[in-house]
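Since the structure comes first, as structure tokens, the remarks are kept for the end.
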Number of protein chains: 2
Amino acid sequence: MEKQEQIYRAALALFAQYGFHGTPTSRIAQEAGVSNGTLFHYFKTKEELIIALYNKIKNDISQYLSADMNPEEKFELVFKRLFIKSLYWAVDNSQAFFYIQQVHVSPHYEQVPADVIMEQTRSHRQLIERGLAEGALKPMSVELIYTLLSSQVFGVYQFLTANEQTEADQKQVIQQAADLVWHMLKA
Amino acid sequence: MEKQEQIYRAALALFAQYGFHGTPTSRIAQEAGVSNGTLFHYFKTKEELIIALYNKIKNDISQYLSADMNPEEKFELVFKRLFIKSLYWAVDNSQAFFYIQQVHVSPHYEQVPADVIMEQTRSHRQLIERGLAEGALKPMSVELIYTLLSSQVFGVYQFLTANEQTEADQKQVIQQAADLVWHMLKA
DNA sequence: ATATTGATTGACTAATCACTCTATATACAG
DNA sequence: CTGTATATAGAGTGATTAGTCAATCAATAT
């Protein structure tokens with residue numbers, strides 16, 4: 001599956017830069033070093049590629065983040081670390097993170113089945129449920145907490161990509177944002 | 001400028017539903033009740049229409065919100081009211097709010113000149129500067145505060161549109177979110 | 001009356017693009 | 001070997017679409 005991987009990589013780079021509309025499938029194939037026909041051998045339609053790429057990235061993030069959700073540790077610690085790791089992933093995989101947002105505000109997002117979305121957010125939800133059960137988080141709906149947490153990640157990501165700064169400053173902003181969001185959501 | 005207004009309205013409805021790519025200019029013209037040629041009489045290119053629509057909406061929001069930035073009142077009050085009014089505008093103008101997000105994560109956004117963006121966010125920045133000067137807000141950069149505030153608005157908007165609820169529940173969520181974000185950012 | 005300007009139309013075009021099709025190559029099972 | 005399935009190539013196609021253009025129409029000025 002070497003070629004498929006190349007197609008994913010090329011598609012991500014091009015979609016992130018030019019958008020779905022701005023990148024012809026022919027260009028993706030070219031950039032990936034495969035023929036037009038090969039692309040459509042692996043993905044029946046352009047839409048299928050868009051969704052498959054979205055799911056691939058989501059699974060990557062999910063796997064990367066779920067490693068540290070140790071239930072032995074103090075909730076505050078796990079919570080903050082999750083937030084911080086999310087942001088490091090976002091800045092290190094800027095294209096992918098941006099692509100996810102693109103899909104979210106596009107008509108393609110409706111093509112992602114609800115159960116797939118549920119699966120992709122399961123570990124986060126479980127952590128929030130744990131926090132609620134322990135009385136560590138303010139009593140609010142899981143969805144609301146999840147959404148506020150996510151949007152704070154998006155916000156800080158946006159700030160970091162829009163404003164140049166040193167690695168040290170970046171680290172400090174991320175740490176501060178983690179403290180802020182914890183302060184906002186903790187019981 | 002009756003026709004131009006109709007074009008704006010049709011474009012917004014179609015872009016919000018089908019995305020930029022999914023809506024041909026011919027469809028916009030048709031829906032607006034004007035001819036193909038007329039659309040290109042008012043907007044030289046499709047891209048120009050996309051940007052013009054974006055700026056129009058931004059100015060609408062800006063005007064709607066800047067009305068209440070009374071410097072006589074207590075900062076906390078003005079700050080929270082701004083947040084709350086932003087959210088009411090967002091849910092009442094869901095298409096427009098969604099469209100803004102679409103533009104933000106599209107290649108078109110780079111076509112908006114930096115000084116136009118500055119002008120569109122001026123009143124918000126001024127309010128934040130006032131809060132910092134009064135010592136009402138935590139000492140952080142204006143940009144960071146602005147971004148965190150905006151992303152909280154986006155987050156709550158997303159939550160409200162994704163989860164059906166009564167008007168009363170909605171009001172409560174908005175009020176609670178205002179308290180939360182104030183609690184997070186106040187000194 | 002006449003000229004000038006801008007608004008409006010809709011048929012037309014040149015280009016693009018998603019996707020197909022046929023042909024060839026490769027792998028590998030019996 | 002032979003047969004079958006899968007991978008790859010790349011030219012080709014039919015449909016779509018952004019944008020043009022030449023022709024009217026309306027309004028206002030001269």
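Each chain gets a letter, A, B and so on, in the order its sequence line appears, and its residues count up from 1. This is a predicted model, so every value here is computed, not measured. Atoms considered below: every heavy atom in the structure, side chains included; atoms not considered: hydrogens, waters and symmetry mates.
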Review point. Could you give the CD-to-C1' distance, from A/Gln30 to D/dT8, as a whole number of Å?
Key: 17 Å
**Study point:** side-chain N/O B/Thr38 vs C/dA7 OP1/OP2, d < 4.0 Å
**Key:** no
**Study point:** For atom CG of A/Leu14 and atom P of C/dA18, their distance in whole Å
**Key:** 12 Å
Review point. Quick one: A/Leu39 CG to D/dT8 P, roughly how many Å, whole number?
Key: 12 Å
Review point. Are B/Ser26 and D/dT17 close enough that a side-chain N or O sits under 4.0 Å from OP1 or OP2?
Key: no
Check your understanding: Rounded to the Å, how far apart are B/Phe43 CZ and D/dT17 P?
Key -> 20 Å
Study note, to complete from the structure: On DNA chain D, more 5' by nearest nucleotide between A/Gly33 and A/His21 is A/Gly33
Review point. Taking atom CZ of A/Arg81 and atom CG of A/Asn70, what is their separation to the nearest 0.5 Å?
Key: 7.5 Å
Review point. Would you say C/dT8 has OP1 or OP2 under 4.0 Å from some side-chain N or O of B/Tyr42?
Key: yes
Check your understanding: Does A/Glu119 pair with A/Lys58 as a salt bridge, N-O distance under 4.0 Å?
Key -> no
Point to revise | B/Lys46 or A/Val34, whichever maps to the more 5' nucleotide of DNA chain D | key: A/Val34
Review point. With respect to the phosphate group of C/dA7, does any side-chain polar atom (N or O) of B/His41 fall under 4.0 Å of OP1 or OP2?
Key: yes
Review point. Is any side-chain N of the basic residue among A/Glu76 and A/Lys80 closer than 4.0 Å to the acidic one's carboxylate O?
Key: yes
Review point. Is any side-chain N or O of A/Ser35 closer than 4.0 Å to OP1 or OP2 of D/dG10?
Key: no
Check your understanding: Tell me: CZ of B/Phe40 to P of C/dA14, nearest whole Å?
Key -> 17 Å
Review point. Counting just side-chain N and O atoms, does A/Lys3 come under 4.0 Å of either OP1 or OP2 of D/dA9?
Key: yes
Review point. Nearest nucleotide by nearest heavy atom, which residue falls closer to the 5' end of DNA chain C, A/Gly22 or A/Lys44?
Key: A/Gly22
Review point. What's the CZ-P distance between A/Phe20 and C/dA18, to the nearest Å?
Key: 13 Å
Exercise for review: Check whether NZ of the Lys or CZ of the Arg A/Lys46 lies under 6.0 Å from the centre of the six-membered ring of A/Phe20 and within 45 degrees of that ring's axis.
Suggested key: no
